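Quick caveat: nothing in here was measured; it's all calculated off a predicted structure. Order of the sequence lines fixes the chain letters, A, B, ..., with proteins taken first and strands second; residue numbering starts at 1 for each chain.
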Protein chains: 2
Amino acid sequence: MESRIRPRAANTDPPPSRIERLCIERGLKMTGQRRLIARVLSEAEDHPDVEDVYRRALALDSKVSIATVYRTVRLLEENGILERRDFGGGRARYDPADRGHHHHLIDVDSGKVIEFADEEFEALARAMARRLGFDLVGQRLELFGRKVEAEPTRSGGRSKARSS
Amino acid sequence: MESRIRPRAANTDPPPSRIERLCIERGLKMTGQRRLIARVLSEAEDHPDVEDVYRRALALDSKVSIATVYRTVRLLEENGILERRDFGGGRARYDPADRGHHHHLIDVDSGKVIEFADEEFEALARAMARRLGFDLVGQRLELFGRKVEAEPTRSGGRSKARSS
DNA sequence: CTAAATGCAAAGGCTTTGCAAGTTC
DNA sequence: GAACTTGCAAAGCCTTTGCATTTAG
């Protein structure tokens, strides 16, 4: 039955978030908590750790426990919706998987993380693995850098970057 | 039997290990435990975690506590003698820093780690950072691969690899 | 209604630390 | 002898889990 004929499911019924839709596609049972966490993650533009997700979820609606956040991010990871990252510091950070394949450049001064993709690197990675006798099934690349004084070479190039 | 007058220090007095020498250079106080741990690390050809180091040290001379191993690897790391790695799995692994700049390819089936270096990649990493407006100060590259059936392309190339 | 999700608190790994006793320089 | 190192056990993080209760489908 089409429930969208409802006169006003106003403030209690925000539209499904991007990640909520992915959950539904995969047939995951959607509870209030999961919807909430999905929303927090959908809106995140950074790489939150579990604490971050928990805090943001609480701020929206204080009906989650941290255990549920842990269980949910694990579930999402197992379903390929999130990717777990480890930038050091002991805690795992999460990154929506549908942002596409990308790597990270960490600004060592500010701690900011910049995402970028680079086709040339992808090709090289495959080649390096192949040279060692392997098929590449995954990779992890992190660059640590410091802002250069002069203007960067005009980024007309092959890399597409997005700061976060 | 005390110190016999012997031409050279025999079985009770092994020559200082590579890492022990580095410690001395840096003016670190050398205790029996540190010498032992230094030796274990000098002889390691892999990427041992603290447990590994502890076990190997115990096997040589059961006079270390795990707390000391933790304290020592941290000290060595702070002194640039070891590098801490994180290949996932929750525990830190250690890698002598003087092996030169290299990366890792993890065989996803066996868990074995292969070290390799690649000049082309080094150059590309610098270029990618530069393109984003940064000077490269560090990097981390890990490839995950699966052994290819056919023979690898003859490795006449630019990469030098060493299995561990 | 049934299988699955949640909360809570307890427990589990890895790592660090306070303190007394032992060593190095 | 002063300062540092070690051992031991306790404590700290982050994360997982057992169990009773609630909830989605």
Side-chain angles (χ1 to χ4, degrees), chain A residues 1-3 12-13 16 19-21 23-40 47-55 57-58 60-79 81-94, chain B residues 13 16 19-21 23-40 47-55 57-58 60-79 81-94:
Chain A
M1 51 178 177
E2 297 295 62
S3 51
T12 47
D13 225 64
I19 287 181
E20 179 178 347
R21 280 193 298 271
C23 291
I24 294 169
E25 268 176 36
R26 274 156 241 217
L28 301 178
K29 194 185 273 193
M30 290 314 291
T31 66
Q33 289 88 329
R34 283 195 186 161
R35 249 187 292 276
L36 182 57
I37 293 167
R39 187 174 146 206
V40 165
H47 302 80
D49 59 28
V50 168
E51 272 289 316
D52 293 328
V53 176
Y54 178 53
R55 260 196 307 277
L58 280 191
L60 291 179
D61 179 340
S62 44
K63 294 183 181 52
V64 216
S65 74
I66 190 134
T68 294
V69 178
Y70 272 106
R71 282 191 272 236
T72 303
V73 292
R74 183 144 61 110
L75 179 81
L76 297 180
E77 192 200 349
E78 287 163 0
N79 278 271
I81 295 174
L82 285 186
E83 276 175 20
R84 191 203 309 233
R85 304 281 180 185
D86 165 39
F87 297 153
R91 13 187 196 295
R93 312 181 125 249
Y94 290 88
Chain B
D13 225 61
I19 287 181
E20 178 177 349
R21 281 194 296 273
C23 290
I24 294 170
E25 269 177 34
R26 273 155 242 220
L28 300 179
K29 196 183 274 193
M30 288 315 291
T31 66
Q33 289 87 329
R34 281 195 188 162
R35 249 186 292 275
L36 182 57
I37 293 167
R39 189 175 143 206
V40 166
H47 303 81
D49 60 26
V50 168
E51 273 289 316
D52 293 328
V53 176
Y54 178 53
R55 260 197 306 278
L58 279 191
L60 292 180
D61 179 340
S62 46
K63 293 182 182 53
V64 216
S65 74
I66 191 136
T68 296
V69 178
Y70 272 106
R71 281 190 274 235
T72 303
V73 293
R74 182 143 62 109
L75 180 81
L76 296 181
E77 192 198 349
E78 287 164 0
N79 279 271
I81 295 174
L82 286 186
E83 277 175 20
R84 191 202 311 232
R85 304 281 180 185
D86 164 39
F87 296 153
R91 14 186 197 295
R93 312 182 123 247
Y94 291 87

Euclidean distance, atom CD of residue A:Glu20 to atom P of D:dA24 [Å, nearest integer]: 12 Å
Side-chain N,O (A:Arg34) to OP1/OP2 (C:dA5) below 4.0 Å: yes
Distance in angstrom units between A:Leu75 CG and D:dT16 P, rounded: 13 Å
Sugar-phosphate, base or nothing in reach of B:Arg71, heavy atoms under 4.0 Å: base
Closest-nucleotide 5' rank along DNA chain D - winner of A:Ala67 and A:Glu51: A:Glu51
Phosphate OP1/OP2 of C:dT16: any B:Tyr70 side-chain N/O under 4.0 Å: no
Check ion pair B:Glu51-B:Arg55 (N to O, under 4.0 angstrom): yes
For the student: nearest non-hydrogen atoms of A:Asp49 and A:Asp52, plus distance: OD1-N, 2.7 Å
Nearest-nucleotide comparison on DNA chain D, the residue closer to the 5′ end among A:Ala92 and B:Lys63: B:Lys63
Nearest-Å distance for atom pair OH/P, residues B:Tyr94 and C:dC14: 13 Å
N or O in side chain of B:Thr31 less than 4.0 angstrom from D:dT5 OP1/OP2: no
Rounded distance (Å) that lies between atom C1' of D:dA9 and atom CD1 of B:Ile66: 14 Å
Euclidean distance, atom CG of residue B:Leu58 to atom P of D:dT6 [Å, nearest integer]: 14 Å
B:Lys29 NZ - D:dT6 P separation (whole Å): 9 Å
A:Arg91 CZ to D:dG12 P, straight-line distance once rounded to whole Å: 17 Å
B:Thr72 side chain, from C-beta outward: closest of C:dT17, D:dT6, C:dC8: D:dT6
